[in-house]
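The chains referred to below are lettered A, B, ... by the order of the sequence lines, with proteins before strands, and numbering in each begins at 1.
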Amino acid sequence: MRRVSNIALWTAFLAPVALLLVWSFAWRWPWPAPLPNRWRASAWTDLAATGGLGAAALRSLGIATTVAVVATGLGFVTSRSVAEARAREALQWLLHLPFALSPVVLGVGLEYSFLRAGLAGNLVGVALAQGILAYAYAVILLSGLWTARVGAFLEGAATLGATPRQAWTLVLLPLARPLLALCFVQTFLISWFDYALVLLIGGGRVATLTTSLYQFVQSGDLRLAAASALLLLLPPLVALVTQAQPRPDALAGEPDP
Amino acid sequence: MIWALVGGPLLLSAAFMLAYSVGLTGLLAHGLSFAAWATVLDDRVTWISLGFSCWVGAASLGISMLGALAVLALRPAPVARSMLTPWSLPIAVPPMVAGLSAVLWLGNAGALARAAYALGWIRRPADFPSPIYSTSGLGIIVTQAALVLPFLIVLFDRLSRVHRLGALDEAARTLGASPSLAWWRVRVPLLLRSAAPTLGIYFLALSGAFEIPLLVGASYPTMLSVRVVQLSGRFDLSTRPQAYALALLYALGVAVSSAVARRLRTSTPRTERI
């Protein structure tokens, strides 16, 4: 029973991926043919073309990597003050709010102030807007790091004569590495998946994979839309495979109350 | 410092929306005026969008909850805890890709319509009962439910283990309850009670979805998030104050709802939390 349901679930996931793959190579696929009449790899060769899908993919990759590095770094440094704050519950509620709100509302709200600050319509503005969501997520995740167990490790290091810097680099960072890796991946994906903030803050001048996908669907080019979708699926699948082993719970010790 | 980093952007965003919506700033500022708020509150489309968003959120969540309960009933063995399982795969699917897949599978000329033609069930694309662009929101509901279902299976499975519901189930049966009675009167109420705060957050997220409704939804009625973007005036700036008023109203509703959900969660015994 378990094996059958696993096969069914894998099929349910792989069948849409297979259909996207077929569409990305379909040159002519008229109704009601079960398969394309003509096949071409032009959607994929377009990847190398200047200003094509490849540029959008590289732009998405650059924004997402920047957002992930900054959010994880800043989240790591500031998560301790959230974990130890007296008004921790209120801070946690505030951190969860951007996720409960539709990113559209956040984007619409930021749009005008970003326009005034000269941040609308460029990569920096898009990365900054996505960074707000990613930073909130990083703090939520990394505040689970500051348990009594980690505190005891740091105190032990100080007792043995370690400077604060040594305690951070030689004790805390190795302890935090799995959680930091998870945080990096998740914040990367927040940016990678985002469409609303790119649309609103980018104002049509910043093309990423998600905005390209939408434009291809709107223009009826399902071949390029499918190729964009497959590219969008690639990093999260790689992340799932690479993160299949370590579990942050082991480090965090206590669940987030 | 931490309050500024965490709350600053939200506060800034809310302050700008409020100031713009009452005519104190922006390209159309002509002094204090509540005209945009009055228009939004008077507009039938606002309330239709709100109702439609709630309907889509509730239906998506309801279907995925029923699906998750059905899977757990048919498959009592615990779900694998590794991150690379069929259950974790939807994490890898961006909403945009889910929307496109829905169009390619469920559209009038999609894969299922072609299969139906091959089987002789339909003769033209229009004969296929496609849920895509349906005014009932069926396409959005099906797509969102498919994305959320695996998460709920994992959630319910974890809660079942935390509560040791298997043991409670057995106790109920020892006391004479039939398997279905034990399921519906013991397991399901306990599961739903302890999952309520998380389900509340899911409801908010599904009601505020943007990408899937944009790709699979009808042009009318629209979800609130789509309505906000329409009003924010990609071409007509005169409706922008209304967009800010609507976005603020929505944000206020979500803030209150999430505070209530959080209060519920903190009042839940620690052992029952996920």
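Heavy-atom pairs under 4.5 Å with chain B peak, among P236(A), G109(A), A136(A), at G109(A). Note: L214(B) leads I201(B), L215(B), L214(B), L248(B) in heavy-atom pairs under 4.5 Å with chain A. Comparing D194(A), L91(A), L95(A), I132(A) by how many heavy-atom pairs each has under 4.5 Å with chain B, the most go to L91(A). Interface check for chain B: of the options W192(A), F114(A), W29(A), the most heavy-atom pairs under 4.5 Å are formed by W29(A). In terms of non-hydrogen atom pairs under 4.5 Å with chain B, the most contact-rich of L230(A), L234(A), L233(A), L110(A) is L233(A). Here W105(B) is the residue among Y250(B), F210(B), W105(B) with the most heavy-atom pairs under 4.5 Å with chain A. Counting heavy-atom pairs under 4.5 Å between each of L204(B), V228(B), L104(B), L100(B) and chain A puts L104(B) at the top. With respect to chain A, the highest number of heavy-atom pairs below 4.5 Å among G208(B), S13(B), A251(B), A115(B) belongs to S13(B). Most heavy-atom pairs under 4.5 Å with chain B, from the set V22(A), V108(A), L189(A): that is V108(A).
In this structure, T210(A) and S60(A) have side chains that are not in contact, with every pair of non-hydrogen atoms separated by 4.5 Å or more. Side-chain contact between L133(A) and T187(A): absent, with no pair of heavy atoms (C-beta onward) separated by less than 4.5 Å. Contact of the P94(B) side chain with the V97(B) side chain is registered, since non-hydrogen atoms from C-beta on lie closer than 4.5 Å. At least one side-chain heavy atom of M223(B) sits under 4.5 Å from a side-chain heavy atom of F52(B). Residues Q130(A) and I190(A) fail the side-chain proximity criterion, which asks for heavy atoms closer than 4.5 Å. Put simply, the side chain of L128(A) reaches to within 4.5 Å of the side chain of L119(A), judged on heavy atoms. Under the 4.5 Å side-chain criterion, counting only non-hydrogen atoms from C-beta, T222(B) is not in contact with P213(B). With a 4.5 Å cut-off on side-chain heavy atoms, T25(B) and R116(A) count as touching.
Within the model, atoms CZ of R124(B) and CH2 of W31(A) stand 10.5 Å from one another, a figure rounded to the nearest 0.5 Å.
L213(A) touches chain B through its side chain: at least one heavy atom from C-beta onward sits under 4.5 Å away, while N, CA, C and O do not. Heavy-atom distances place both the backbone and the side chain of A113(B) under 4.5 Å from chain A. Using a 4.5 Å cut-off between heavy atoms, A85(A) makes no contact with chain B at all. Using a 4.5 Å cut-off between heavy atoms, V217(A) contacts chain B through its side chain alone, with no backbone atom that close. Looking at A129(A), neither its backbone nor its side chain comes within 4.5 Å of chain B, counting heavy atoms on both sides. For a residue to count as touching a neighbouring chain, one of its non-hydrogen atoms must lie under 4.5 Å from one of that chain's; by this rule A225(A) touches chain B with backbone and side chain alike. Only the side chain of L222(A) comes within contact range of chain B, with at least one heavy atom under 4.5 Å from a heavy atom of that chain. When heavy atoms are compared at a cutoff of 4.5 Å, S258(B) approaches chain A by way of both its backbone and its side chain. Contacts of M17(B) with chain A are made by side-chain atoms alone, with heavy-atom separations under 4.5 Å and no backbone atom involved. L246(B) does not touch chain A: none of its heavy atoms, backbone or side chain, sits under 4.5 Å away. Only the side chain of Y135(A) comes within contact range of chain B, judged by heavy atoms closer than 4.5 Å. Contact of L106(A) with chain B is made through backbone and side chain together, with heavy-atom distances under 4.5 Å. Contacts of L232(A) with chain B are made by both backbone and side-chain atoms, with heavy-atom separations under 4.5 Å.
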- Item | Candidate pair W121(B) and F128(B), rule ring pair (Phe, Tyr, Trp, His ring centres under 6.0 Å), full reasoning | CA-CA 9 Å; W121(B) 295 347; F128(B) 184 71; 9.6 Å; no
- Show the numbers, then the answer: is there a side-chain contact (heavy atoms from CB on, under 4.5 Å) between V105(A) and S225(B)? CA-CA 7 Å; V105(A) 173; S225(B) 49; over 6 Å; no
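The aromatic rings of Y112(A) and F16(B) stand perpendicular to each other, their planes meeting at an angle above 60°, with 30° marking the opposite boundary. Between Y244(B) and Y20(B), the two ring planes are tilted [angle within 30° to 60°].
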